[in-house]
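A short worksheet on the structure shown next.
Here, residue 1 is the first one in the sequence, and each next residue gets the next number.
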Amino acid sequence: MKAIVQDRYGPPETLHLAEVDVPVPAADEVLVRVEAAALNAYDWHVMRGDPRMARLSLGRSKPRARIRGRDFAGRVTAVGADVRQVRPGDAVFGDLGDANGAFAEFVCVPETLVAPAPANLTPQQAAALPLAGVTALMGLSDVGRVEPGQRVLVNGASGGVGTLAVQLAKALGATVTAVCSTRNVDLVRSLGADHVVDYTRVDFTRDGRRHDLVFDLVGNRSLAALRRALTPTGTLVLSGGGIYRGGSLLGPVWLLARGRLLAPFVRQRIAILTTTPSRPHLDTLRAHAEAGRLTPVIDRTYPLREVPRAIDYLEGEHARAKVVITV
């Protein structure tokens with residue numbers, strides 16, 4: 001089969017299309033013929049081994065997982081002996097997690113990490129949901145504990161996670177303020193945001209508004225500034241992300257670490273988001289999608305052979321919403 005592989009850390013040019021063996025599913029796995037895969041900031045972080053501290057877990061000189069990509073949607077072609085909830089022919093979507101491997105014609109994935117694809121979405125839309133959608137869902141519900149009537153601010157509202165977070169926050173009954181650049185104001189407003197802040201004109205940390213939850217998906221503001229946008233007992237949820245700026249030792253980890261250190265000493269709640277793929281979260285995303293409350297926004301699509309070009313577009317801060325690979 002064809003797959004996008006990588007044998008050393010580096011820029012998009014280190015990725016190349018190669019012929020590799022079709023994986024064989026273990027007893028608890030399913031084999032999926034990939035129809036679409038989605039890019040995430042995670043992919044370029046792994047590709048470059050950035051921040052460098054992350055190489056302690058990713059691999060010292062090269063990524064342990066040779067094939068890039070996490071999110072996918074496709075059809076099951078075979079199942080392991082112990083698989084009970086998935087059958088050949090099923091349309092599914094999922095997140096391979098740190099195992100990677102989605103930028104390929106076939107993937108093997110544990111049964112617990114796939115779910116039936118939303119019936120009303122295309123494979124490209126379904127592939128755009130897993131990592132970004134679970135991040136948004138966990139940040140708002142599991143960690144942020146959003147309740148109806150609360151005021152939620154999403155910093156980075158036009159990104160892959162942000163466009164889904166705006167929609168999910170509205171589905172949870174919140175009043176949503178979306179922070180984005182000028183060119184994305186109409187986009188995030190169309191997703192249901194009650195208030196839109198153009199960060200090129202207004203500093204949301206100094207505009208006088210206070211929010212019950214600030215969901216930071218950018219990592220470009222100080223903790224003090226982010227806390228100014230909160231009510232006295234509000235919650236700040238910090239997530240990674242960012243763009244490539246030439247390599248770093250700690251990257252967004254530095255802000256997350258500072259948040260963890262400060263949390264015990266302030267009245268406001270500071271929470272660090274760690275996203276874990278799971279079938280229950282995928283099922284929740286499917287339910288929101290099929291009810292019309294959640295629709296992934298796709299910026300561009302690229303064929304499998306052009307993954308390097310797609311990642312170059314993503315990591316240069318040009319992309320908005322999701323970039324998807326067709327296989």
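Arg227 pairs by the salt bridge (Lys or Arg N to Asp or Glu O under 4.0 Å) definition with nothing, not counting sequence neighbours. Residues satisfying the salt bridge (Lys or Arg N to Asp or Glu O under 4.0 Å) test with Asp186, not counting sequence neighbours, are Arg189. Under the side chain to side chain contact (heavy atoms under 4.5 Å, CB included) criterion, Ala321 pairs with Thr163, Val297, sequence neighbours left out. Arg84 is linked by a salt bridge (Lys or Arg N to Asp or Glu O under 4.0 Å) to nothing, counting only residues two or more places apart in sequence or in another chain.
A distance-only check finds a donor-acceptor pair linking the side chain of Arg210 to the backbone of Arg228 [under 3.5 Å]. No donor-acceptor distance shorter than 3.5 angstrom exists from the side chain of Arg183 to the backbone of Cys180, with no hydrogens or angles considered.
Side chains of Thr275 and Thr135: a donor-acceptor N/O pair is present below 3.5 angstrom, by distance only. One side chain, Tyr42 or Asn100, offers a donor N or O that lies under 3.5 Å from an acceptor on the other.
Under the 4.5 Å side-chain criterion, counting only non-hydrogen atoms from C-beta, Val307 is not in contact with Tyr302.
In the hydrophobic clustering, where aliphatic and aromatic side chains (Ile, Leu, Val, Met, Phe, Trp, Tyr) are joined below 4.5 Å either directly or transitively, Val188 groups with Val185, Val196.
A salt bridge is defined here as a Lys NZ or Arg NE, NH1 or NH2 lying under 4.0 Å from an Asp or Glu carboxylate O, and Lys62 with Asp7 fails to meet this definition. Salt bridge Arg309/Asp312: absent, no basic N to carboxylate O contact under 4.0 Å.
Within the structure, the salt bridge (Lys or Arg N to Asp or Glu O under 4.0 Å) test picks out the following pairs touching residues 155-181 (sequence neighbours left out): Lys170-Asp194.
Geometrically, Arg33 engages Phe106 in a cation-pi contact defined by less than 6.0 Å to the ring centre and at most 45° from the axis. Remark: Arg221 is not positioned above the aromatic ring of Tyr199, lacking an NZ or CZ atom under 6.0 angstrom from the ring centre and at most 45 degrees off the axis.
Counting heavy-atom neighbours within 6.0 Å of Asp82 CG, excluding the residue itself, gives a total above 12. The number of heavy atoms from other shown groups lying within 6.0 Å of CZ (Arg145) does not exceed 12.
We find the CH2-CG distance between Trp44 and Leu314 to be 8.5 Å, quoted to the nearest 0.5 Å.
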